[in-house]
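Here the structure comes first, spelled out in structure tokens, and everything after it is commentary.
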There are 2 protein chains.
Amino acid sequence: MRSAIDDDLTARARIRDAALLRFARDGFGAGLRAVATDAGVSPALVIHHFGSKDGLRAACDAYVLERIRSQKEASLTTETPRESMAHLADLTQYGPVFGYVVRSLAAGGELASRFVDDMVAATEDYLALGVAAGTVSPSVDPAGRARYLVAQSVGLLQLALIDAEAGRAPSPTLEPVAAFTALSRWAVVPAMEMLTEPLLTDHDLLAAAIHELAREEP
Amino acid sequence: MRSAIDDDLTARARIRDAALLRFARDGFGAGLRAVATDAGVSPALVIHHFGSKDGLRAACDAYVLERIRSQKEASLTTETPRESMAHLADLTQYGPVFGYVVRSLAAGGELASRFVDDMVAATEDYLALGVAAGTVSPSVDPAGRARYLVAQSVGLLQLALIDAEAGRAPSPTLEPVAAFTALSRWAVVPAMEMLTEPLLTDHDLLAAAIHELAREEP
DNA sequence: CAGCAGACTAAACGGGCGTTCAGCGCGCCA
DNA sequence: TGGCGCGCTGAACGCCCGTTTAGTCTGCTG
């Protein structure tokens, strides 16, 4: 059985890497011929190895999910939380994988929903640790809160992508590091403010919302 | 000079409406022939009226922006804030326009960035009113906070779109009302919690972030 | 050495795309 | 009434797409 690693010099792997980059740059509308040229092979070889364009995309998705999974495993078994955060912050190590994920989140599809679910679960775990440590407040709906925070991150990425296409910011799919620093330049302070100080002064609104929801569906 | 209103029975308007719906449903990859068929005209007539597919999309964008602008104007001149909110909540009145905007936000392009800017400005105004009324806390960066809140909304829409494509939720581009209620079912409580109770217990993090940012770029 | 399997390619196929073009019919104005 | 403009169409064009096919080269295996 082959691993995803010792494949890395074969034409198959070269095609997959080229596709990752092309799809991240140009979206999933990019043509097979462009991917083949990038990889230095003929269009027919792409079909030979992956069966179809959908097969190629599925292989990219699988590869990305595997990379994420193995990274997560490594983080859990070998690193302290502080090291994990530092690793996460270093976007360069992910190469085109990050751009591909951003593109998937914008385009939808199976990888996007699986990635969202993974992120929600990871966020929920991470928040639970914070709650236990006392740095994070407990929630009346931990799963919902985690999902809400993931939605927030997706929105920030989407705004970065929109700004990039309008030429106002570096693209998260092309220059993830530059895009990330540009994003943090304006977003960190509002984020910290929203996370540390209640935006709304009326604290009863939460109870009212819960009551309202319970009334609608018992 | 023709207005956008008394056009509404002409073939040109029918094509534009069909395009709005098609693009919202299937994305901007949808073909001209599909739009033409929906409108009950020939593909050539689409080109005759709009010059090209890009021209058609530009016309859709312009129409949507005009609808938004006139709606905003009407809200400002004739309605109380409470009526405005009620109007906003009634998504049915926007018809395919809402779906088209969601699709644009996912796909990027000029409409998306202009719409985001509009939303940011409107949110900033709205928050300023809240601050003056005492219901909203003041911010150290009102513009940034408004943008952050818009990013949050975009993220919720994007998540709804992803869930819809995975068959787990109604699509915001097809059934905006159903999608909106499904969204509010899980998101309102986390939102209210995050808006009324600080997620992080260490209130000095905001000051630290501001200090850090000021240190990096004086 | 024969033969076979698999990596790989050049060329072509069918189809959908956006777009062009020549012309048809109908209402308006001289 | 003749002609002109315009909304509109059917048919075609060229392009690019994903995919197929037939075949070459190479290296392993009996």
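All of these numbers come straight from a predicted model, not from anything done at the bench. Proteins come first, then strands; the chains are lettered A, B, ... in the order of their sequence lines, and each starts at number 1.
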Legend entry - Residue from B:Val101, B:Leu159, B:Leu161 passing side-chain contact (heavy atoms from CB on, under 4.5 Å) with B:Pro172: B:Leu161
Inset, instruction - Nearest whole angstrom, please: distance from the P of D:dC8 to the CD1 of B:Ile15. - result: 7 Å
Legend entry - By side chain to side chain donor-acceptor pair (under 3.5 Å) - contacts of B:Asp125 (at least two apart): none
Legend entry - Rounded distance (nearest 0.5 Å) linking atom NE2 of A:His49 with atom CZ of A:Arg16: 11.5 Å
Inset, instruction - Rounded to the nearest angstrom, tell me the gap between atom CG in A:Leu32 and atom C1' in D:dT20. - result: 13 Å
Inset, instruction - Please state how far atom CZ in A:Arg57 lies from atom P in D:dG18, giving the value in whole angstrom units. - result: 13 Å
Inset, instruction - Please work out whether the ring planes of B:Tyr100 and B:Phe28 are parallel, tilted or perpendicular, with thresholds of 30° and 60°. - result: perpendicular
Legend entry - Pairs satisfying ring-ring contact (aromatic ring centres under 6.0 Å, His included), at least one member in residues 144-172 of chain B, at least two apart: none
Inset, instruction - Figure out the CZ/P separation between A:Arg12 and C:dC8, and round it to whole Å. - result: 11 Å
Inset, instruction - Report the distance from atom CD1 of B:Ile47 to atom P of D:dC6, rounded to the nearest whole Å. - result: 19 Å
Inset, instruction - Just call it for A:Ala30: base, sugar-phosphate, or nothing, with non-hydrogen atoms closer than 4.0 Å on any strand. - result: sugar-phosphate
Legend entry - Spatial distance of atom CD (B:Glu193) from atom CG (B:Leu195) [nearest 0.5 Å]: 10.0 Å
Inset, instruction - Take the protein atom CG of B:Asp26 and the nucleotide atom P of C:dG16, then report the distance between them rounded to whole Å. - result: 16 Å
Legend entry - Contact letters for nucleotides 9-15 of chain D, in which S counts primed atoms plus P, OP1 and OP2 and B counts the base, heavy atoms under 4.0 Å: BB-B---
Inset, instruction - Looking only at side-chain atoms of A:Lys53, point me to the closest of C:dT19, C:dC8, D:dT19. - result: D:dT19
Legend entry - Length of the NE2-P vector between A:His49 and D:dT19, whole Å: 16 Å
